[in-house]
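Quantities reported herein were computed from a predicted structural model and do not represent experimental measurements.
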Amino acid sequence: MPANLVPEPEPPDRRRRPAGRVRAYVGLGANLGEAATTLAHAVAALNVLPGARVTEVSALYATRPVGVEDQPEFRNAVVAIDVPGGADPAAAAIALLVALKRLERAFGRRPHERWAARELDLDLLLFGPHRLVVERPPDGLSVDAAADLGRRPDRRILVVPHPEAADRLFVLAPLADLAPALTPPGWSETVGQARDRRERAEGADAVRRVATWDPVSSSWQP
């Protein structure tokens, strides 16, 4: 399936990035083992990807499970990461996606049912001003998606912005820490407005800020 790429105007923070770079936002989540430590190590791993630089890290949130409620609370965060954009943004987004899925596997990610507990989730939420619909290569699939393609072939497709981001408070709360005034491509509201809307729908207790990022120790601190 060929990529469907729809350019959008650059966001206001474009001036802070060198030419040829794209600011992406990546969602992190885990609820197995020492989740906060896992996510801190994942931030460090993202920062040493070739050509990548983590520029901002959100607070850490405790979030109520969605879908399957009989499991531990999740820990969720979002990072802003500047990566090479290249001449083909779709190819650049796929390159980042593949790196994310490789990191998931390196951190011990195993196949799980949808909404079940996770060792580590790394989701590509936004990729600069671009709207993308492109087929994932095999190594761009998460391990549970690869095991589920017979039942859900749609999981082969990468859609950016992430199609569920606008309606998930566990994504919007940390994303709003970093870019509350940003209107993602295709959205009719800012990230901050979307967060407020979902907080009214899900309740203020659906997410709790539990720690802030300390760049000196590269960890979240209460």
Visitor: Determine yes or no for a side-chain-to-main-chain donor-acceptor pair under 3.5 angstrom, with E202 supplying the side chain and E199 the backbone.
Guide: no
Visitor: Any chance you could lay out the side chain to side chain contact (heavy atoms under 4.5 Å, CB included) test for V78 and L125, step after step, and finish with the verdict?
Guide: CA-CA 9 Å; V78 169; L125 304 175; 3.9 Å; yes
Visitor: Can you measure from CG (L126) to OH (Y25) and round to the nearest 0.5 angstrom?
Guide: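 Interatomic distance, L126 CG to Y25 OH, rounded to 0.5 Å: 7.5 Å.
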Visitor: For Q221 and S219, which I'm curious about, is there any donor-acceptor pair between the side chains at under 3.5 Å?
Guide: yes
Visitor: Please give me the minimum heavy-atom distance between L124 and A24, naming the atom from each residue.
Guide: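 Closest pair (atom of L124, atom of A24, distance): CD1-CB, 4.1 Å.
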Visitor: Salt bridge check: are R197 and E189 linked by an N-O gap of less than 4.0 Å?
Guide: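 Result for this pair is yes, salt bridge flagged.
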Visitor: R105 and L141: which non-hydrogen atoms are nearest, and at how many Å?
Guide: NH1-O, 3.3 Å
Visitor: So, the side chain of R109 versus the backbone of R102: is there a donor-acceptor pair under 3.5 Å, distance only?
Guide: no
Visitor: Compare all side-chain heavy atoms of W187 with those of L182 and state whether any distance is below 4.5 angstrom.
Guide: no
Visitor: Any idea which heavy atoms bring R75 and A62 closest together, and the distance?
Guide: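 Smallest heavy-atom distance, with atoms named: NH1-CB, 3.2 Å.
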Visitor: As an exercise, state the distance from CG of L28 to CG of N76, rounded to the nearest 0.5 Å.
Guide: 8.5 Å
Visitor: Run the salt-bridge test on R21 and D82 with the 4.0 Å N-O cut-off and return the result as yes or no.
Guide: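 Not counted as a salt bridge, because no side-chain N and carboxylate O are separated by less than 4.0 Å.
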Visitor: Could you state the interatomic distance from CD1 (I94) to CZ (F127), rounded to the nearest 0.5 Å?
Guide: 10.0 Å
Visitor: Counting C-beta onward and ignoring hydrogens, is there a side-chain heavy-atom pair between P137 and V98 closer than 4.5 Å?
Guide: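 Yes - at least one pair of side-chain heavy atoms lies under 4.5 Å apart.
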Visitor: Nearest heavy-atom pair of I157 and R136: which atoms, and what distance?
Guide: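 Of all heavy-atom pairs spanning I157 and R136, the closest is O-NE, 3.5 Å.
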Visitor: Show, in sequence, the C-alpha distance, side-chain angles and deciding distance for I81 and T55, and conclude whether the side chain to side chain contact (heavy atoms under 4.5 Å, CB included) test is met.
Guide: CA-CA 6 Å; I81 182 170; T55 61; over 6 Å; no
Visitor: Any side-chain heavy atom of P215 sitting closer than 4.5 Å to one from W213?
Guide: yes
Visitor: So how far is it from L39 CG to L60 CG, rounded to the nearest 0.5 Å?
Guide: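 So the gap between those two atoms works out to 6.5 Å.
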Visitor: Any donor and acceptor pair, going by atom type alone, linking the side chain of D214 with main-chain N or O of V216 inside 3.5 Å?
Guide: yes
Visitor: Report yes or no: does W220 contribute a side-chain atom to a donor-acceptor pair with the main-chain N or O of S58 at less than 3.5 Å?
Guide: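 Confirmed, W220 side chain pairs with S58 backbone.
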Visitor: Please find the pair of heavy atoms, one from A35 and one from A30, that lie closest to each other, and give the distance.
Guide: CB-O, 3.6 Å
Visitor: Could you walk me through whether D167 and R198 pass side chain to side chain contact (heavy atoms under 4.5 Å, CB included), step by step?
Guide: CA-CA 6 Å; D167 291 313; R198 290 309 306 171; 4.1 Å; yes
Visitor: Between CG of L100 and CG of L49, what distance do you get to the nearest 0.5 Å?
Guide: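 Answer for the CG-CG pair, L100 versus L49, is 7.5 Å.
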Visitor: Does the H162 side chain pair with the main chain of E164, one donor and one acceptor, at a distance under 3.5 Å?
Guide: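 It does hold such a pair.
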Visitor: Spell out, as yes or no, whether a donor-acceptor pair under 3.5 Å connects the side chain of E73 to the backbone of P65.
Guide: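 No, the answer is negative, given that no donor and acceptor are paired below the 3.5 Å cut-off.
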Visitor: So, are K101 and D139 salt-bridged, with charged N and O less than 4.0 Å apart?
Guide: no
Visitor: Determine, step by step, whether E104 and D121 satisfy the side chain to side chain contact (heavy atoms under 4.5 Å, CB included) criterion, reporting the C-alpha distance in whole Å, the side-chain angles of both residues, the deciding distance to 0.1 Å, and the verdict.
Guide: CA-CA 7 Å; E104 285 184 351; D121 257 337; 3.9 Å; yes
Visitor: What are the two closest non-hydrogen atoms of G128 and V22, and how far apart are they?
Guide: N-CG1, 3.5 Å
Visitor: Quick one: pull up NE2 in H41 and CG in L103 and give me the separation to the nearest 0.5 Å.
Guide: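 With rounding to 0.5 Å, NE2 (H41) is 13.5 Å from CG (L103).
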Visitor: Using only heavy-atom distances, determine whether the side chains of D177 and Y61 contain a donor-acceptor pair under 3.5 Å.
Guide: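 Per modelled atom types, D177 and Y61 side chains form a pair under 3.5 Å.
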